[in-house]
Protein chains: 2
Amino acid sequence: MSSPRPRGTKDRHHEILDAAARVITERGLADTRISDVAEAAGVSPGLILYYFESKDRLLSEALTYANDQFYLRMSREIRRISSAREQLRRLVDLSVPGYLAEYGKLDEWALWIEVWVRALRDPQMAKDRELLDQRWRQSIADIVRAGQASGEFAAGDADELALRLGSLIDGLAIQVAMNDSQVTPERMHRACMEVAANLIGFELEPASA
Amino acid sequence: MSSPRPRGTKDRHHEILDAAARVITERGLADTRISDVAEAAGVSPGLILYYFESKDRLLSEALTYANDQFYLRMSREIRRISSAREQLRRLVDLSVPGYLAEYGKLDEWALWIEVWVRALRDPQMAKDRELLDQRWRQSIADIVRAGQASGEFAAGDADELALRLGSLIDGLAIQVAMNDSQVTPERMHRACMEVAANLIGFELEPASA
DNA sequence: CGCAGGTTTGAACGGCGGGTCAAGCCGTGG
DNA sequence: CCACGGCTTGACCCGCCGTTCAAACCTGCG
């Protein structure tokens, strides 16, 4: 169709990044080979190196790309909920690995852990991770502020509350993602909501028993 | 001296595991080669494979070994403190990366993250991780129970409190270990202690202002 | 002394996989 | 219809470890 701009290029980038994210999720960063990504994307190995200057760069980009996608999806979902308490509940729903049947089990969190490992030594990844995390805390803080404005939540330092709640979610999610027999998705969900209600200052149930 | 038993063998095992843990901490699991470990241990590469059947086995053992060491050190330290509240404070001190100058910065937490990555795919490591984590939660729960018995803390489900507090520590520690500019060791420490006081039910300061 | 067994060495092997490249494959514009 | 240039292929090269192994090295004992 229209041709002046390099049409396929942008698509290829995304296709490859998507494929890479999928492969990393199921095989792990360490066991991901270029040929795996190529196969998953349905192209030849050589093409991968045509679009990305090195395997390292590809994997780094894929990691931040995938986390970005997740964030955007969550963001979109939450924005259409009006009650701050329900927004918070939905955020927790989406954060508990395997809590919602419609989403994959490991997926997001497995990638996060790979990001952490990499960020320990790769300065660029460290920077990206900090930004990603900041945005995640920010979106919690926004919910808190909205709730405080509407009177659903008690007053308090929204940023500090976001840090605490977000960290609790991180810590619990790790264990759930690892299939810890003591830490089930349900238990995690309950813990998050109760601590949130306690820290932020709201009632768990609107009015029902 | 005495000779019937294989004398040097046990030492060599530990020497190599120590060396491996050190190398993993500074280079990362992915970039750790057998020759690195050999060099760090002051022996030849061949000897490593004489004591461990494969690189994989060596690294797995090194990871759990190192975490074990950390746990034991902390355990010992805490046992000699009498007040439950002070025990808890000490536990938090030791858990905040870089909070105490005398201990290394990354060290423990960097290894934890490597454990997590591995546990996602290696069933044996998954099992070991669960045990390690259970023990960690247990030691928090023990402190809580002690405090409840002595009247320092309010009543409550010690195991559930331990899970929540432990997870919060995990989640915060990750960010501190990554040098997140927003999450300083001091901020993490404060957050842990305040949430602990709130959840568990005790006063932060004994009596002073 | 010299043998025996466990220990230690380091050179050599082999496979794996990232990266390169020369050659084909198109679609487009002349 | 041809020539150009971006896209795509897959075979190939090459360095890097994990692993193996034969030989050397101790140390204690007969």
Side-chain angles (χ1 to χ4, degrees), chain A residues 1-63 114 117-118 121-122 124-125, chain B residues 1-63 114 117-118 121-122 124-125:
Chain A
M1 323 300 163
S2 62
S3 39
R5 64 205 157 129
R7 194 176 43 88
T9 292
K10 196 104 186 273
D11 299 337
R12 272 285 186 250
H13 259 279
H14 283 146
E15 282 172 24
I16 294 176
L17 286 175
D18 262 330
R22 265 178 284 131
V23 175
I24 295 172
T25 301
E26 71 182 31
R27 300 186 50 111
L29 196 55
D31 291 332
T32 295
R33 284 155 298 172
I34 287 187
S35 60
D36 295 325
V37 177
E39 192 178 357
V43 299
S44 75
L47 196 65
I48 306 292
L49 276 295
Y50 178 77
Y51 282 98
F52 295 86
E53 65 177 277
S54 73
K55 181 196 184 188
D56 251 39
R57 199 80 104 192
L58 162 65
L59 297 184
S60 295
E61 283 189 41
L63 285 177
E114 303 281 8
V117 169
R118 213 140 216 262
R121 270 117 201 156
D122 174 353
Q124 182 56 50
M125 183 59 88
Chain B
M1 319 298 164
S2 61
S3 41
R5 66 204 155 126
R7 193 175 45 88
T9 292
K10 198 102 184 275
D11 299 338
R12 271 284 186 251
H13 258 280
H14 282 146
E15 283 172 23
I16 295 175
L17 286 175
D18 263 331
R22 263 178 287 132
V23 174
I24 295 171
T25 301
E26 71 182 32
R27 299 186 51 110
L29 197 55
D31 291 332
T32 295
R33 284 155 295 170
I34 287 189
S35 60
D36 294 326
V37 177
E39 191 177 357
V43 299
S44 76
L47 196 65
I48 305 293
L49 276 294
Y50 177 77
Y51 282 98
F52 295 86
E53 65 177 277
S54 72
K55 181 197 183 186
D56 251 39
R57 200 79 105 190
L58 162 65
L59 296 185
S60 297
E61 283 189 40
L63 286 177
E114 302 281 8
V117 170
R118 212 144 218 263
R121 271 115 201 159
D122 173 355
Q124 181 57 50
M125 183 59 89

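Lettering follows sequence order; numbering is per chain, from 1. Quick caveat, the model's predicted, so the values are computed rather than measured.
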Give the rounded distance in Å between these two atoms: [atom1] of [X] and [atom2] of [N].
X: B:I48; N: D:dC17; atom1: CD1; atom2: P; answer: 16 Å
X: B:R57; N: D:dG18; atom1: CZ; atom2: C1'; answer: 16 Å
X: A:L59; N: C:dG17; atom1: CG; atom2: P; answer: 14 Å
X: A:L47; N: C:dT20; atom1: CG; atom2: C1'; answer: 14 Å
X: A:R33; N: D:dG10; atom1: CZ; atom2: P; answer: 18 Å
X: A:E15; N: D:dC7; atom1: CD; atom2: P; answer: 13 Å
X: B:H13; N: C:dT8; atom1: NE2; atom2: P; answer: 11 Å
X: A:D31; N: D:dG18; atom1: CG; atom2: P; answer: 14 Å

Are [X] and [Y] close enough that some pair of their side-chain heavy atoms sits under 4.5 Å apart?
X: B:L58; Y: B:I48; result: yes
X: B:L59; Y: B:M125; result: no
X: A:L29; Y: A:L63; result: yes
X: B:Y50; Y: B:I16; result: no
X: B:L47; Y: B:R12; result: yes

Can you tabulate the close N/O pairs, meaning under 3.5 Å, that link protein atoms to atoms of nucleotides 19-26 of chain D?
residue : atom : partner : partner atom : Å
D:dT19  : OP2  : B:K55   : N            : 2.8

| Below 4.0 angstrom from OP1 or OP2 of C:dT9, is there any side-chain N or O of B:Y50? |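 The answer is no; no side-chain N or O of B:Y50 sits under 4.0 Å from OP1 or OP2.
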
| request: Please tell me which of the listed nucleotides, C:dT8, C:dT9, D:dT8, lies nearest to the side chain of B:V43? | output: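 My answer, after comparing the listed nucleotides, is C:dT9.
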
List, one per line, each side-chain donor-acceptor pair under 3.5 Å for residues 32-42 of chain A, sequence neighbours excluded.
residue : atom : partner : partner atom : Å
A:T32   : OG1  : A:G28   : O            : 2.8
A:R33   : NE   : A:D36   : OD2          : 3.1
A:R33   : NH2  : A:D36   : OD1          : 3.4
A:R33   : NH2  : A:D36   : OD2          : 3.4
A:D36   : OD2  : A:R27   : NE           : 3.4
A:D36   : OD2  : A:R33   : N            : 3.0

